[in-house]
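Right, one structure below, let's go through it.
Just the heavy atoms: all of them, side chains too, but no hydrogens, waters or symmetry mates, feed the values below. If you're wondering where the values come from, they're calculated on a predicted model, not measured in any experiment.
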Amino acid sequence: MGYFFRLLQLLSTCAALSLVVSKSAWNADISNWSMFIWCFCFAVNHFIVLVEVCGLQEECSLSWDKFLITYTCFSALVCLSASIMYPIIHLQMLSYGTQRNHAIAATVFSCIASVAYAVEAIWTCVNTSEPFCSFIGLLKKLEMTVACGILAFISNTSLYMHKPALVWCVAVYSICFILGVISLLRHRCDCEESLPSSHFVLGQTMLAALLYTTAAVLWPLYQFNEQFGGNPQRSRDASCGAGYSVCIWDQQVAVAMLTAVNLLIYVVDLVILASQSEALPGGS
């Protein structure tokens, strides 16, 4: 089954690259991130296939399953970011025709790649005895990875310093990230079986879900609703200029989407933790 996922990942990333390059449906200034992601994932997948075909994974000093889980989780997220950013920034600059159709198809294949990576990560976790691969542990690592993406975007203070509600959202992202780091350090980053019984982790997840709910409402409300001083259209953002860079509006959209993704992960995490906590002796 692992070979099926890797073949699908190879084909989808290769297709995305080929479609974009064949009709020059990309711009060196605004598509470099997406192109780098597709090239990187395609190259690493080739490396993984070669290692497994030659049986060299047994010679690795580190756990091969741990490597696969880490890599597939990372690739799922970066392919998802490419699937979001490439069409948002690039499609609007292409007129209807072959170039635009190729760009749309490349976006579809990028989405397929991100799904294939995510499914492989879950499948590997289910079929390994590594404590690293508990589903709760996987969710915790996903929360931290998405949070890192959000923090990277909000390093641009011009996104939020003009409105207290947006400053609150930044505080939410920072607080949840710090609590997540503490949670992982408490359990040596392995999320062992005792993790679901930890009241600290359950409380931290509940708090994070509540805080992210406020951010998921306030961030798009104050960034894109005109009644609250937001800007609903990219074309009205002066920083976008001719559209040859990731401008402030693009970053605002990226943060809004990543916030929604992380909120969903926290909710799933909370439901699983709560159900496992009730199943423990002494649980309510």
ask   = Side chains of W38 and S110: closer than 4.5 Å at any heavy-atom pair?
value = yes

ask   = Is any side-chain heavy atom of Y222 less than 4.5 Å from a side-chain heavy atom of C169?
value = no

Min side-chain heavy-atom separation L211-I175 under 4.5 Å = yes

key: F42-L50 co-clustered via ILVMFWY side chain contacts under 4.5 Å   = no

inquiry  = When you measure from the side chain of E120 to the backbone of L68, do you find a donor-acceptor pair of N or O atoms at a distance under 3.5 Å?
reply    = no

task = Kindly indicate whether the side chain of N45, heavy atoms from C-beta on, has any atom under 4.5 Å from the side chain of Y71.
result = yes

remark   = Shortest non-hydrogen pair, F224 vs P232, comes out as O-CB, 3.3 Å

request  = Answer yes or no: are there more than 12 heavy-atom neighbours, outside F109 itself, under 6.0 Å from its atom CZ?
outcome  = no

message = With a 3.5 Å distance limit and no angle check, can you tell me whether K163 reaches the backbone of G229 through a side-chain donor-acceptor pair?
response = yes

task = Evaluate side-chain contact (heavy atoms from CB on, under 4.5 Å) for N231 paired with Q223, printing each intermediate quantity in order.
result = CA-CA 6 Å; N231 176 21; Q223 296 286 21; over 6 Å; no

ask   = With distance as the sole test, does H102 use its side chain to make a donor-acceptor pair with the main-chain N or O of V20 at under 3.5 Å?
value = no

key: L159 CG to L166 CG distance, which is reported to the nearest 0.5 Å   = 8.5 Å

Just distance, no hydrogens or angles: give the donor-acceptor pairs under 3.5 Å from side chains in residues 261-270, sequence neighbours left out.
from : atom 1 : to   : atom 2 : distance (Å)
N262 : ND2    : E143 : O      : 3.3
N262 : ND2    : Y212 : OH     : 3.1
D269 : OD2    : K140 : NZ     : 2.9

task = Check whether any side-chain heavy atom of W123 lies under 4.5 Å from a side-chain heavy atom of F4, and answer yes or no.
result = no

query = Does any non-hydrogen side-chain atom of L218 lie less than 4.5 Å from one of W168?
reply = yes

query = Which pairs, with at least one residue in residues 213-230 and sequence neighbours excluded, count as a salt bridge (Lys or Arg N to Asp or Glu O under 4.0 Å)?
reply = E226-R236

